[in-house]
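Chain naming here is simple, since letters A, B, ... match the order of the sequence lines and numbering starts at 1 in each.
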Amino acid sequence: MKRSHHCSELSKNDAGSTVQLCGWVDSVRDHGGILFVDLRDREGLTQIVLDPANQELEAQFGSIKPESVIAVSGEVRERIGDTVNASLATGAIEVHAQRLEILNVSKTPPFPMDDSADKVGEDLRMTYRYLDLRRTRNLDILRLRHRTSQAIRNFMDEEAFIEVETPMLFKSTPEGAREFLVPSRMNPGAFYALPQSPQQYKQMLMVAGVERYYQLARCFRDEDLRSDRQPEFTQLDIELSFIDREDMYALIEGLMKRVWNDVLGVDLETPFLRMSYFDAMNRFGVDKPDMRFGMELQDCGEVFANSGFKVFSGALQSGGAVKAFNAKGLADLTQGELRNLEDAAKSLGAKGLAFIKCEGGEWKSPILKFLSEEEKAGLGKLLDVEDGDIVFFAATEWEQACSILGRVRLDAAQLLVKRELLTIDPSDYKFLWVIEFPLMLFDEEAVRFVASHHPFTAPVAEDLSLLDSDPKKVRGQHYDLVLNGVELGGGSIRIHQPQIQKKVFEDVLKIDPEVVESRFGYMLKAFEYGAPPHGGIAFGLDRMVTILAQRQSIRDVIAFPKNQKGQEMMTSSPGIATDKQLRDLHIRCAPPKS
RNA sequence: GGGGUAGUAGCUCAGUUGGUUAGAGCGCCGGCCUGUCACGCCGGAGGCCGCGGGUUCGAGUCCCGUCUAUCCCGCCA
């Protein structure tokens with residue numbers, strides 16, 4: 001029996017016609033005589049009626065369980081009076097079964113198949129991921145992801161981009177994330193590495209004259225997982241020649257506009273806001289600020305310049321900063337909530353979390369006794385302190401002080417949301433370009449500079465001379481696209497002159513020349529054969545879809561995600577290799593650490 | 001590697017200051033029911049209270065350890 005319609009399609013106009021439907025038994029309502037079946041397929045739900053006059057059908061149906069697969073042939077009839085179900089798209093009709101095929105009988109599912117399953121333990125849902133995905137809500141996410149990719153492909157095609165596939169079997173790169181290694185059977189002792197991103201290949205495509213490249217590329221990073229991080233994930237990877245940063249901003253704003261319009265029907269405002277890395281840190285305490293709410297960090301350096309409170313004045317005297325922000329209306333926070341905020345601050349290296357709250361017109365704080373009247377007045381004015389407010393402080397080196405309060409700001413915002421004093425709307429899309437990152441960061445552990453983005457990022461032209469004298473001051477031509485506190489993507493204009501690239505590798509990053517030659521020699525060579533100026537960007541597609549679908553976890557928008565240990569529960573991967581496999585691969589396993 | 005939270009029926013959860021035989025809703029099984037649409041009604045089964053120790057006359061409850069999941073820090077050029 002072949003289907004003639006999907007379960008979403010039939011209406012009054014089809015009354016009288018004979019149709020064939022197939023799908024899953026969503027629910028059964030047996031009234032002893034008459035029996036109703038809700039039949040579900042990926043498009044919708046249609047009520048099937050088994051008439052008591054047809055005893056044969058009823059016997060065949062038996063006590064068939066939900067989630068069994070059946071095919072039904074029958075006559076479409078209009079429902080009359082109060083048998084119409086207004087809350088169902090196909091509620092104006094029903095199909096009176098004449099013939100029935102039972103295609104597959106289902107066992108009772110281990111968890112409910114309705115929306116209440118959203119609360120079921122994730123490990124169980126992942127073990128039975130095929131059932132979890134079968135739920136309409138999750139099928140809709142797969143569809144939304146498909147529409148997102150489709151919008152991207154259409155846009156990129158119209159903008160004259162060429163989609164090129166790059167190798168999955170690459171080689172190890174010395175910097176960056178830990179990689180997955182793949183042993184080479186034909187080259188004993190040698191290993192491929194799965195790509196962290198197609199970075200180097202896409203730059204070679206620019207040298208090759210492709211000019212405009214994109215790819216929905218799978219990437220791999222063997223780092224610890226988070227709710228927004230999976231060991232394999234998908235990037236929208238883009239690279240163009242003969243462009244500058246402004247061209248890139250305009251292109252990507254057009255892309256986002258298109259995606260949001262095609263997927264959600266939302267019209268985004270462009271151009272997007274721009275903010276320097278310094279301002280982002282200084283005002284919001286993160287390099288990916290959530291612009292949907294304020295509570296900006298203030299600099300209290302002037303207020304406490306000559307303070308008798310050693311914690312504050314000491315920080316200022318040693319070149320640090322005193323930062324603060326006002327969590328408006330949060331003065332009534334509980335001891336536990338305060339302790340959680342303090343713990344969050346401490347996890348970023350704070351010694352404690354100083355605060356002042358204002359209740360009943362009175363300021364209350366353990367540090368109040370250290371502050372002069374002028375300082376209190378200055379604070380009150382700077383931070384607009386009113387009754388019911390609480391102000392948090394951080395006094396240490398500037399960047400750390402900002403980071404600490406940046407974290408406290410986010411946590412405090414959640415507490416305010418819980419109290420309904422603050423609304424953070426998931427369908428309010430506040431895009432932001434974060435720009436002018438430092439090209440290099442000093443790694444205290446390794447005692448050397450590391451690239452803040454990656455070593456192929458071009459310095460801002462006027463900072464080029466600082467590469468030798470003061471690498472920390474060099475700004476990179478790097479940009480991040482941030483949406484509602486999430487880093488959606490980032491990229492840069494690249495270095496395309498071999499001598500500058502070599503200098504960055506060897507003189508600034510202090511990578512051994514032999515290592516540079518073995519890892520990047522081909523690239524330096526390529527740059528000697530007419531490399532065009534170029535730049536690119538890459539977006540986390542999974543993160544983008546997570547926001548579009550208004551979900552909390554990246555796992556919700558990946559068909560078969562991995563748990564926090566990197567295992568895929570349904571198939572129990574990874575698995576143990578056999579001795580023969582290992583022999584072929586020239587690998588011997590060390591005994592596990594006890 | 002570190003910190004937080006959780007683990008009681010198939011699922012989601014409750015379980016009082018330690019005290020009879022550990023409960024509820026949904027699901028499941030059986031019965032009844034010809035207009036339901038989360039159908040209804042009646043009856044029933046189902047528990048190593050994550051695991052291992054300990055304290056106690058007595059532990060789901062207190063203590064120690066451990067495992068699992070998840071969130072966060074480190075890490076993620």
Between B/C33, B/A69, B/C37, which nucleotide gets closest to the side-chain atoms of A/Q47?
B/C37
Over 60° means perpendicular and under 30° means parallel, so tell me whether A/F36 and A/H31 are parallel, tilted or perpendicular.
perpendicular
Which part of the nucleic acid, if any, lies within contact of A/P52, taking any heavy atom under 4.0 Å across all strands shown: a base, the sugar-phosphate backbone alone, or nothing?
base
What is the distance from NE2 of A/H96 to P of B/U36, rounded to the nearest Å?
14 Å
Rounded to whole angstrom, note down the C1' distance from B/C63 over to B/G1.
26 Å
Classify the side chain of A/R229 versus the base of B/C76 as yes if they form a donor-acceptor pair under 3.5 Å and no if they do not.
yes
With respect to the phosphate group of B/C29, does any side-chain polar atom (N or O) of A/K65 fall under 4.0 Å of OP1 or OP2?
yes
Base, sugar-phosphate, or nothing: which does A/V84 touch, judged by heavy atoms less than 4.0 Å apart?
base
Can you check whether A/K565 has a side-chain N or O nearer than 4.0 Å to OP1 or OP2 of B/A69?
yes
Hunt down the Watson-Crick or G-U wobble partner of B/G18, both distances under 3.5 Å, from any strand shown, or write none.
none
Interatomic distance where CD belongs to A/E94 and P belongs to B/U34 [whole Å]:
17 Å
When you check the gap from the basic side-chain N to the acidic O, do A/E487 and A/K288 get nearer than 4.0 Å?
no
Check whether any side-chain nitrogen or oxygen of A/R29 sits under 4.0 Å from OP1 or OP2 of B/C39, and answer yes or no.
yes
Distance check, C1' atoms only: B/C49 and B/A6, in whole angstrom units.
14 Å
Between B/C11 and B/G46, how far apart are the two C1' atoms, rounded to whole Å?
13 Å
Salt bridge check, A/R77 against A/E75: does any charged N sit closer than 4.0 Å to a carboxylate O?
yes
Could you tell me whether A/V120 contacts a base, only the sugar-phosphate backbone, or nothing, with contacts defined as non-hydrogen atoms closer than 4.0 Å?
sugar-phosphate
Return the stacking result for B/U36 and A/F36: yes when the ring centres lie under 5.5 Å apart and the planes under 30°, no otherwise.
yes
Which of these nucleotides, B/C33, B/C11, B/C75, is closest to any side-chain atom of A/D30?
B/C33
In the structure shown, which nucleotide is the Watson-Crick or G-U wobble counterpart of B/U36, with both distances under 3.5 Å?
none
Say you pick atom P in B/C57 and the same atom in B/G10; how far apart are they, in whole Å?
34 Å
Opposite nucleotide pairing with B/U70, Watson-Crick or G-U, both atom distances under 3.5 Å:
B/G4
On a whole-Å scale, what distance lies between the C1' atoms belonging to B/C39 and B/C33?
10 Å
Could you state the CG-P distance from A/L35 to B/C37, rounded to the nearest angstrom?
14 Å
What contact category does A/T83 fall into here, base, sugar-phosphate, or nothing, at under 4.0 angstrom with non-hydrogen atoms?
base
From NZ of A/K346 across to C1' of B/C72 the rounded distance in Å is 16 Å
Is A/R125 touching bases, backbone alone, or none of the nucleic acid, heavy atoms closer than 4.0 Å?
nothing
Parallel, tilted or perpendicular: which one describes the rings of A/F278 and A/W398, with boundaries at 30° and 60°?
parallel
In whole angstroms, the gap separating C1' of B/A6 from CG of A/D123 amounts to 11 Å
C1' atom, B/A14 versus B/G60: distance in rounded Å?
12 Å
5' precedence on RNA chain B between A/P66 and A/D51 (nearest-nucleotide basis):
A/P66
Roughly how far apart, to the nearest Å, are B/G54 and B/G47 at atom P?
27 Å
Of the options B/C11, B/C73, B/G35, whose atoms approach the side-chain atoms of A/L348 most closely?
B/C73
Tell me whether the OP1 or OP2 atom of B/C72 has a side-chain N or O from A/Q564 closer than 4.0 Å.
no
Please state whether the base of B/G74 and the side chain of A/E223 form at least one donor-acceptor pair under 3.5 Å?
no
Run the numbers on A/R137 and A/D140 for salt bridge (charged side-chain N to carboxylate O under 4.0 Å, His left out), then give the verdict.
CA-CA 5 Å; A/R137 187 173 286 198; A/D140 284 347; over 6 Å; no
Which of these, A/W433, A/F437, A/F456, sits in a ring pair (Phe, Tyr, Trp, His ring centres under 6.0 Å) with A/H478?
A/F437
Could you tell me how far apart A/I48 (CD1) and B/U36 (P) are, to the nearest whole angstrom?
18 Å
Would A/R221 count as a cation-pi partner of A/F180, with NZ or CZ less than 6.0 Å from the six-membered ring centre and within 45° of the ring normal?
no
Check every atom of B/G74, B/U70, B/U36 against the side chain of A/R79 and return the nucleotide holding the closest atom.
B/U36
Let's test this: given Watson-Crick or G-U wobble pairing with both distances under 3.5 Å, identify the partner of B/U55.
none
Which comes earlier along RNA chain B counting from the 5' end, the contact point of A/P110 or that of A/A451, where each point is its nearest nucleotide?
A/P110
Are the ring centres of A/Y192 and A/F170 closer than 6.0 Å?
no
Answer with base, sugar-phosphate or nothing: what part of the nucleic acid does A/Q199 contact at a heavy-atom distance below 4.0 Å?
base
Would you mind classifying the nucleic acid contact of A/R555 as base, sugar-phosphate or nothing, using non-hydrogen atoms under 4.0 angstrom?
sugar-phosphate
hbond_proxy A/D224 side chain to B/G74 base (donor-acceptor, 3.5 Å cutoff):
yes
Whole angstroms only, please: what is the CG-P distance between A/L441 and B/C76?
11 Å
Base-pairing mate for B/G46 - Watson-Crick or G-U, with both contacts under 3.5 Å
none
In whole Å, what separates the P atom of B/U21 from that of B/G25?
23 Å
Has the side chain of A/R226 got a donor or acceptor atom sitting under 3.5 Å from an opposite partner on the base of B/G74?
yes
In the strands shown, is B/U12 matched to any nucleotide by a Watson-Crick or G-U wobble pair with both distances under 3.5 Å, and which?
B/A24
Are OP1 or OP2 of B/C39 and a side-chain N or O of A/S27 less than 4.0 angstrom apart?
yes
Which nucleotide, B/C72, B/U34, B/C37, lies nearest any side-chain atom of A/D38?
B/C37
Among the nucleotides B/G35, B/C11, B/C75, whichever has the atom closest to the side chain of A/L124 is B/C11
With respect to A/Q215, which candidate in A/T234, A/T166, A/D237 satisfies the side-chain hydrogen bond (donor to acceptor under 3.5 Å, both in side chains) definition?
A/T166
Within this structure, what is the CD-to-P distance between A/Q235 and B/C76, rounded to whole angstrom?
16 Å
Could you tell me if the side chain of A/M440 sits less than 4.5 Å from the side chain of A/V450, heavy atoms only?
no
